[in-house]
Amino acid sequence: MSQYQAVKGTRDIFPEEATQWKYVERVVHTLASLYGFSEIRVPVFEYTELFQRGIGSTTDIVGKEMFSFQPDPKGRSLTLRPEMTAGVMRAALQKNLLSLAPVHKLYYIGELFRKERPQAGRQRQFSQFGSELIGVSSPAAVAEVITLMMHVFESLGLRGLKLRINTLGDGADRARYREALQAYFAPFHEILDDASKERLEKNPLRILDSKNPAMQELVDGAPRLYDYLNGSSLQDFEKVLFYLAERNIAYDIDHRLVRGLDYYSHTAFEVTSSELGAQDAIGGGGRYDGLARELGSTADVPASGFAVGMERLLITMEKQGLFAALNSPGPQVSIVLQQQDLLDHALQIAWRLRKAGIKTEIDLAARSMKAQMREANRIRASYALFVGTAEYTTGNYTLKNLATSEQRTLSLDAVLQILHEPAARELLE
RNA sequence: GUGAUUGUAGCUCAGUUGGUUAGAGCGCCAGGUUGUGGCCCUGGAGGCCGGGGGUUCGAGUCCCCUCAUUCACCCCA
């Protein structure tokens, strides 16, 4: 084992896997554009306060999962972004985007950092793609965002995903509900686990999605937020569901779904994959009308968005065999050297082929012809081009079709022609 | 941060109640084919058995510590 290894919770993506990433990213770019979203790229680190204000200081992300640092002892604390939304909203406000147009539809693909203990489907550096629809607060906007997300999943061929959806109501709804919850749980204070006791104080809603089975019974008897919604909150939610139904997007209403970040209001949703183990959320999002004000905006800037975990998406796709057809093409021609003193000549030929747009491979490791041929075979080259003393003196080269094993000795111009024009390949037959 | 799990060749793993020079398959290199791949045969290289300490005549095997891995909890994508 080498002395150094990748830092805990980080990993390397080698070429084979990188082609999978590129494939997914291309689909994301294409579909986001289809829905009218434009790409935004924001810095990897921000002032720490941005996340404290934006995500909420009671959340675990801010409380214990941020990679923060202080480059200058007198300077402000910085933090590697643990999520995207706060940064994107900050950028939108900073540039005063809404003064240019009332609605902005942005999407991103990028790396995030959270100092958690790694496990299946969870790393300290991970990637998300997502979108933010900024400027309008309506059921249609959330539905738009959910639809794009589901469209990406469908387009990639994913099966068996579950969309769960809930509404958190508006601020007033939640305030009333919060009191009701606290009143309900208070008598059971002794029974609550430590985490839930703390949540009872800070954010009682989050007791609802506790995984502790001991809490489950209690939670089952708890009042439902749904019953505390005012008329317009209710209507809003039903309209979202209407849009989903119209688009044949299947969903389950889950009254216990409470997103972990403080900035959500009204619709919240989450998509889970059964291929993933304990960390089964592949994507999620919702509406966050309050975020902008939290970040200092004097005006309301309503918004909705989703985020999808790239790694979790890739794991699911791998398990469902969705990369099977995704093999990158080998080189058109692989040059095979007879002896090393011809290397310079062979390199010159390789250069000419490449300048002519022909994907060419040549062995630089001074290996035997047999090894070079094996390599050509391994990387699925279409042709082998032999360079030996005979070729060097006559200027005619032997081109071998590796699929049919047929070969022929030709001038370099003829070789170029065959490799360049598929129609001319019959010369070989 | 807590719990459990696993660390033996590049990879996947064997290694019996502690007992000679630690094995296999795949991969890699070479030869069989003195200018030619995929199949086959033969040979070769490659291991401080994660690290440190201890028990013992003797430790890959037992004990302790440590580092790392993986899975789970918390929480999240």
Side-chain angles (χ1 to χ4, degrees), chain A residues 1-9 11 55 58-65 82-85 109-130 149 193-196 198-199 203 206 209-213 215 257-261 269-273 276-285 305-316 330 334-339 342 365-392 397-407 409:
Chain A
M1 194 179 290
S2 71
Q3 188 177 358
Y4 291 105
Q5 52 186 299
V7 173
K8 184 201 287 286
R11 58 190 295 269
I55 303 171
T58 66
T59 61
D60 278 19
I61 292 181
V62 170
K64 58 182 192 188
E65 294 171 4
E83 59 105 53
M84 281 287 191
T85 301
I109 304 178
E111 295 73 43
L112 306 176
F113 306 85
R114 269 139 67 168
K115 200 166 67 189
E116 306 178 89
R117 194 80 165 263
Q119 74 187 77
R122 165 189 286 164
Q123 297 161 227
R124 290 184 161 187
Q125 176 180 331
F126 62 105
S127 301
Q128 289 184 349
F129 71 87
M149 178 182 69
D193 57 29
D194 290 346
S196 295
E198 195 172 328
R199 292 193 198 112
N203 193 345
R206 255 195 258 126
D209 61 1
S210 170
K211 276 190 198 167
N212 185 347
M215 294 295 100
L257 176 67
V258 178
R259 307 282 309 161
L261 315 183
F269 55 90
E270 185 168 297
V271 176
T272 53
S273 157
L276 284 178
Q279 307 307 321
D280 63 351
I282 195 171
F306 75 83
V308 170
M310 284 288 283
E311 287 80 1
R312 293 182 185 179
L313 177 63
L314 277 275
I315 290 169
T316 302
S334 194
I335 291 177
V336 175
L337 269 195
Q338 183 194 357
Q339 48 199 55
L342 293 168
R367 295 148 85 191
S368 68
M369 285 191 73
K370 182 173 184 157
Q372 293 178 63
M373 284 299 286
R374 227 185 4 247
E375 180 69 8
N377 197 60
R378 191 181 71 79
I379 61 181
R380 297 191 308 276
S382 307
Y383 294 92
L385 184 72
F386 293 96
V387 176
T389 48
E391 283 80 0
Y392 182 67
Y397 298 86
T398 304
L399 185 66
K400 177 171 189 171
N401 182 323
L402 290 175
T404 64
S405 290
E406 290 168 296
Q407 64 183 53
T409 302

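Everything numeric here is computed off the predicted structure, so don't read it as measured data. Convention: sequence-line order gives letters A, B, ...; per-chain numbering from 1. Values below: all heavy atoms of this structure, side chains included; hydrogens, waters and symmetry mates excluded.
- The CZ atom of A:R122 sits 10 Å away from the P atom of B:rA77 (whole-angstrom rounding).
- Side-chain atoms of A:R367 lie closest to B:rC29 of the nucleotides B:rU36, B:rC29, B:rG35.
- Here the shortest heavy-atom pairing between A:L257 and A:F269 reads CD2-CA, 3.7 Å.
- The distance from atom CG of A:L276 to atom P of B:rC71 is 11 Å, rounded to the nearest whole Å.
- If you take atom C1' in B:rG60 and the same atom in B:rU16, they sit 13 Å apart, rounded to whole Å.
- For A:A384 against A:V336, the heavy-atom pair with the smallest separation is CB-CG2, 4.2 Å.
- Look at CG on A:L257: it is 10 Å from P on B:rA77, rounded to the nearest Å.
- Here B:rU36 presents its P atom at 12 Å from CD of A:Q339, a figure rounded to the nearest Å.
- Per the geometry, CG belonging to A:N401 stands 18 Å off P belonging to B:rU36, to the nearest Å.
- Of the C1' atoms belonging to B:rG52 and B:rC67, the separation is 10 Å, rounded to the nearest Å.
- For the C1' atoms, the distance linking B:rU69 with B:rG38 amounts to 37 Å, nearest Å.
- Comparing B:rA24 with B:rG19, their C1' atoms sit 22 Å apart, to the nearest whole Å.
- Here the closest heavy-atom approach between residue A:I61 and residue A:P82 is recorded as CG2-CB, 3.6 Å.
- Counting distance only, with no hydrogens placed and no angle test, the side-chain atoms of A:Q407 and the base atoms of B:rU36 include a donor-acceptor pair under 3.5 Å.
- Atom P of nucleotide B:rG37 and atom CD of A:E406 are separated by 17 Å, given to the nearest angstrom.
- Here A:E111 lies out of heavy-atom contact (under 4.0 Å) with every strand.
- A:A120 comes within 4.0 angstrom of the backbone, heavy atoms only, and of no base.
- Residue-level contact check: A:R117 touches the bases, meaning some heavy atom is under 4.0 Å from a base atom.
- Put simply, the side chain of A:Q338 gets close to the backbone of A:T389: a donor and an acceptor are under 3.5 Å apart.
- Backbone-only engagement by A:K8 is indicated by non-hydrogen atom pairs under 4.0 Å involving sugar-phosphate atoms exclusively.
- A:R374 comes within 4.0 angstrom of the backbone, heavy atoms only, and of no base.
- Nearest heavy-atom pair across A:I109 and A:M84 is C-CE, 4.5 Å.
- Contact annotation: A:Q119 does not reach the phosphate of B:rC71 (side-chain N/O to OP1 or OP2, under 4.0 Å).
- At the heavy-atom level, A:A371 lies under 4.0 Å from the strands shown only through sugar-phosphate atoms.
- Of the candidate nucleotides B:rC28, B:rA77, B:rA68, B:rA77 has the atom lying nearest to any side-chain atom of A:Q128.
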Which dot-bracket string describes RNA chain B (Watson-Crick N1-N3 plus N6-O4 or O6-N4, or G-U N1-O2 and O6-N3, all under 3.5 Å; [ ] crossing; | other strand)?
((((.((..((((.....[...)))).(((((.......))))).....(((((..]....))))))).))))....
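- Side-chain atoms of A:S405 lie closest to B:rG37 of the nucleotides B:rA68, B:rA77, B:rG37.
- Taken to the nearest 0.5 Å, the CD atom of A:Q123 stands 5.5 Å off from the CZ atom of A:R11.
- Within the nucleic acid shown, A:E116 comes within 4.0 Å of at least one base atom, counting heavy atoms only.
- Distance noted for atom C1' between B:rU5 and B:rA68: 13 Å (whole Å).
- Counting to the nearest Å, the P atom of B:rU70 and the CD1 atom of A:I315 are 12 Å from each other.
- Scanning both residues, A:I282 and A:L276, for their nearest heavy atoms gives CB-CD1, 4.4 Å.
- Among the protein residues, A:I282 comes within range of the sugar-phosphate backbone only, with heavy atoms under 4.0 Å from sugar or phosphate atoms but none that close to a base.
- When the nearest nucleotides of RNA chain B are assigned to A:A307 and A:T389 by heavy-atom distance, the more 5′-ward of the two goes with A:T389.
- Side-chain proximity of A:F126 to the nucleotides B:rA77, B:rC74, B:rA30 is greatest for B:rA77.
- Looking at A:F126 and A:R312, their side chains never come closer than 4.5 Å, going by heavy atoms from C-beta outward.
- A:S368 comes within contact range of the sugar-phosphate backbone alone, with a heavy-atom separation under 4.0 Å but no base atom that close.
- Contact between the side-chain N/O atoms of A:T398 and the OP1/OP2 oxygens of B:rU36 is not found at any separation under 4.0 Å.
- No hydrogens or angles considered: nothing links the side chains of A:Q372 and A:S334 as a donor-acceptor pair under 3.5 Å.
- Considering only the side chain of A:D60, B:rC74 comes nearest among B:rC74, B:rG37, B:rA72.
- On the P atoms, B:rC11 is 12 Å away from B:rC48, given to the nearest whole Å.
- Straight-line distance between the C1' atoms of B:rU55 and B:rU61: roughly 14 Å, to the nearest whole Å.
- Taking only side-chain nitrogens and oxygens, A:K400 never comes nearer than 4.0 Å to OP1 or OP2 of B:rG37.
- With rounding to whole Å, A:L342 atom CG is found 15 Å from B:rU36 atom P.
- Shown here for A:A376 and A:L402, the closest heavy-atom pair between the two residues is CB-CD1, 4.0 Å.
- B:rU8 and B:rA4 have their C1' atoms separated by 22 Å, with the value rounded to a whole Å.
- When heavy atoms are screened at a 4.0 angstrom cut-off, A:G130 is found touching no nucleic acid atom at all.
- Where A:A403 and A:K370 each meet RNA chain B at their nearest nucleotide, the meeting point lying more 5' is that of A:K370.
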